[in-house]
Amino acid sequence: MINWEAHACLPLHPAADFSPMDTLRAAGVNYVSINVGMDMNPVAQIMAVIAAFRAKIAASPERYKLVSSVEEIREAAAAGQLAIGFDLEGAIPLQEQTEMVALYRELGVRQIHFAYNRNNSVADGCHDEARGLTPLGVRMVEAVNKAGLLMDCSHTGRRCSLDIMAASSKPVIFSHANPLALVEHGRNVTDEQIRACAATGGVVCVSGVSAFLGTRTPTAEDMARHVAYVAGLVGAQHAGIGLDISFRQDELNDNPPGDYDPTYWWPKSAGYNRAVQRMTYTPVETWQLLPDALRQVGLSAAEIEGVMGDNMMRVAAIAWQHA
């Protein structure tokens, strides 16, 4: 069994301490997707972060491995290494060039969604006006499929996410999103979105963020409840885990340079209070508690293995193939 963490965040700073990755490895995680940039981050900042993270991985080959295939994930797990891939949250870093998708893949990006809460020239954010996937967005989906990245719909507008799933020739995922039916929040996804994701062969990875779980202090049991909802709606083979832990390091300022307004990206009208600073996360140790919590909500041993990571392994084996 492979434990797959679909989304985690370190400070977007070249000096970020990489030791949180060791806590994930110690908790039994075999693969983690690390965020390297969002729509509000300029390309210069993203490139500096990618360069630094690649260097940290290369400097500790006994602990980490930057991977590009599921076979390499299995090899890393057998060697006791944490397999790592990067993800981008938004299409603005693509600079409206489809060719940028393949370039980011060469640098280690294995997963992308097209809008971070707000609209851009490619796609709609979940906290903005609904327009649908743009013509450029259709071409970007094709580029993602061709380059061999996981097409993600987290943070994306509901109508736009359906457009993306209709346009994709490969399975689509939500790397960190929860059922709207359980918690009313703009970041959570409707039954229609969950069914559409499953219809692509994709996976909805449940987030461990308090606001999206509907609890002040999130637990493995809270996670299991949301997983059980997805499993009941479309089958356990379409559920996964994306705790979305933000490993904050207060001594580092990783804000985008210039005139950065966090209330634009995390609007109060959408239920945020002081952006993400007030959110809490399920702890890393949740990974060790999840199997029992999932058993308690009725999942079988095989289904639990799927949710913990084998479902995402199945999807990645298809999505990561490139022309």
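These numbers come from the heavy atoms of this one structure, side chains and all, not from hydrogens, waters or symmetry mates. Counting from 1, the numbers follow the sequence of the chain as shown. Since the structure is predicted, the reported quantities are computational estimates derived from the model, not experimental observations.
Between the side chains of Thr219 and Glu221, at least one donor N or O lies within less than 3.5 Å of an accepting N or O. No hydrogens or angles considered: a donor-acceptor pair under 3.5 Å links the side chains of Thr280 and Ser210. Residues Tyr229 and Asp191 bring a donor and an acceptor atom of their side chains to less than 3.5 Å of each other.
Every residue two or more places apart in sequence or in another chain that forms a side-chain contact (heavy atoms from CB on, under 4.5 Å) with Met47 is listed here: Val43, Tyr104, Leu107. Scanning for side-chain contact (heavy atoms from CB on, under 4.5 Å) contacts around Gln321 gives Lys170, with sequence neighbours left out. Every side-chain contact (heavy atoms from CB on, under 4.5 Å) that Ala316 has, sequence neighbours left out, goes to Trp4, Val70, Trp320.
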Evaluate Arg63 against Asp22 for salt bridge (charged side-chain N to carboxylate O under 4.0 Å, His left out), listing each step before the verdict. CA-CA 8 Å; Arg63 292 187 286 172; Asp22 294 323; 2.8 Å; yes
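Of the listed residues (Glu75, Glu72, Gln81), just one forms a side chain to side chain donor-acceptor pair (under 3.5 Å) with Lys65, and that residue is Glu75. Remark: of the listed residues Lys56, Arg248, Met21, Met21 is the sole one forming a side-chain contact (heavy atoms from CB on, under 4.5 Å) with Leu10. The only option from Met140, His155, Glu89 that meets the side-chain contact (heavy atoms from CB on, under 4.5 Å) definition with Phe114 turns out to be Met140.
Applying the 6.0 Å contact sphere to CD of Gln97 captures more than 12 heavy atoms from other residues, nucleotides or ligands.
The distance between the ring centers of Tyr272 and His185 falls below 6.0 angstrom.
In this structure, the side chain of Glu5 engages the main chain of Leu243 through a donor-acceptor pair within 3.5 Å.
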